[in-house]
Amino acid sequence: MGEPVTREGAAGSRARLVRGPGLLLVWLYGVMSVGAVSRSAYQIATEYDRAPLAYTLSAVAAVVYAFITYTLVRGGETARRAALVCCAAELVGVLVVGTWTVIEPSAFPDATVWSAFGRGYLFIPVLLPVTGIVWLRRSRRS
Amino acid sequence: MLDALTVTLSVAALALAAWCGYAAFRDQPTKDWHFIGMAVVSLLALAQVVVGVVRLAGGDKPDEGAVIFVSYLLGALAAVPAAGFLSLGERTRWGSVTVSAGAVVLAVLEVRLHDIWGG
């Protein structure tokens with residue numbers, strides 16, 4: 001939040017995505033970004049060899065969360081479309097990784113952010129992209 | 001002292017979540033009283049950071065390591081003020097919902113802090 005003046009000026013000309021329910025969405029994406037980024041950075045830096053696959057997947061999740069947070073804050077039609085694509089990718093990721101961790105737990109000596117559909121995060125990871133897609137689709141009409 | 005603060009903060013965070021949730025239910029934005037509530041919770045979180053760092057400096061070792069412990073302390077300190085700041089720009093019920101969600105995040109962080117410290 002370092003450049004409030006320029007950002008507000010720029011966002012004024014774009015369709016705002018952070019309003020109403022969008023605020024809650026950007027808050028949850030922000031929290032998941034901070035959580036996933038710090039978690040994967042710490043695990044990759046300190047114990048990467050223990051569960052390389054799990055930590056790499058957590059890092060991928062972190063990048064997706066950070067990007068969606070950025071597009072939501074930025075606003076506008078291009079960002080809305082980009083966020084929509086990322087939410088869809090995120091949903092696929094959660095479902096694939098979630099199913100993978102359930103079917104073949106031996107591949108994951110340690111949990112990822114998306115293990116068991118995000119059970120470690122109150123299932124927010126599987127609920128968030130669905131809510132995001134609904135919100136982003138509705139934002140186009142209004 | 002640290003355990004007492006962790007428990008107090010968990011309860012205070014859940015109370016704040018319920019309070020702001022109620023405001024959202026009544027279709028109200030966050031008001032002055034809510035911000036006072038957020039300030040109280042944030043001061044408790046600040047006290048927790050101070051006590052936690054003092055305990056670390058005194059030679060205590062958290063079960064899951066000092067880096068993770070301090071990260072969670074800082075996350076717990078930032079959660080409610082950040083959500084409160086966002087609610088300033090959203091003068092509808094959704095501002096209240098966001099603060100409520102921020103308080104729930106804080107409560108979850110407190111549970112994790114308890115595990116990390118090994119209490």
Side-chain angles (χ1 to χ4, degrees), chain A residues 1-2 4-5 7-9 11-12 16-47 50 55 58 62 65 69 72-73 75 110-111 113 118-125 127-128 131-132 134-135 138-139 142, chain B residues 10 13-14 16-17 20-21 23-25 27-30 34 38 62-113 115-116:
Chain A
M1 290 152 202
V5 179
R7 185 195 280 167
E8 265 173 29
R16 283 190 68 200
L17 295 173
V18 185
R19 61 188 159 78
L23 183 74
L24 177 64
L25 199 61
V26 84
W27 165 253
L28 291 176
Y29 267 110
V31 169
M32 288 308 295
S33 301
V34 171
V37 166
S38 45
R39 172 190 175 144
S40 57
Y42 176 81
Q43 287 178 328
I44 287 173
T46 58
E47 46 181 12
R50 194 157 78 87
Y55 299 154
S58 286
Y65 286 129
T69 310
L72 286 174
V73 170
D110 197 2
V113 174
R119 194 175 54 199
Y121 292 86
L122 310 174
F123 292 107
I124 288 174
L127 299 176
L128 212 45
T131 325
V134 171
W135 169 245
R138 230 175 57 178
S139 295
S142 54
Chain B
S10 310
L14 289 177
L16 182 66
C20 290
F25 173 73
D27 205 6
Q28 289 179 344
T30 45
H34 297 113
M38 288 179 233
D63 274 3
E64 297 181 29
V67 176
I68 293 182
F69 180 65
V70 172
S71 311
Y72 271 84
L73 279 179
L74 294 179
L77 177 62
V80 165
F85 182 79
L86 285 179
S87 83
L88 280 175
E90 177 68 38
R91 305 313 297 154
T92 66
R93 72 189 319 173
W94 291 102
S96 306
V97 174
T98 301
V99 174
S100 190
V104 171
V105 169
L106 174 58
V108 171
L109 289 176
E110 291 303 320
V111 174
R112 280 287 295 134
L113 268 170
D115 290 342
I116 292 165

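All values below were derived from every heavy atom in this structure, side-chain atoms included, with hydrogens, water molecules and symmetry-related copies excluded. Quick note on labels: first sequence line is chain A, next is B, and so on, each numbered from 1.
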Okay, B:Val97 and chain A: the region with an atom under 4.5 Å from a heavy atom over there is both
Cut-off 4.5 Å, heavy atoms of chain B, and the answer for A:Leu122 is side chain
Value for CH2 (A:Trp27) from OG (B:Ser100), rounded to nearest 0.5 Å, stands at 11.5 Å
### Message
Tell me if the CZ atom of A:Arg119 is crowded by more than 12 foreign heavy atoms within 6.0 Å.
### Response
no
| message | Tell me if a side-chain donor or acceptor on B:Glu90 pairs with a main-chain N or O of A:Gly20 at a distance below 3.5 Å. | response | yes
Taken to the nearest 0.5 Å, the spacing of A:Leu24 CG from B:Thr98 OG1 works out to 5.0 Å
### Task
Evaluate whether atom CZ of A:Phe123 has more than 12 neighbouring non-hydrogen atoms of other residues, nucleotides or ligands under 6.0 angstrom away.
yes
Turns out that what part of B:Val67 lies under 4.5 Å from chain A's heavy atoms comes down to side chain
dist A:Arg39:CZ -> B:Ile68:CD1 (nearest 0.5 Å) comes out at 9.5 Å
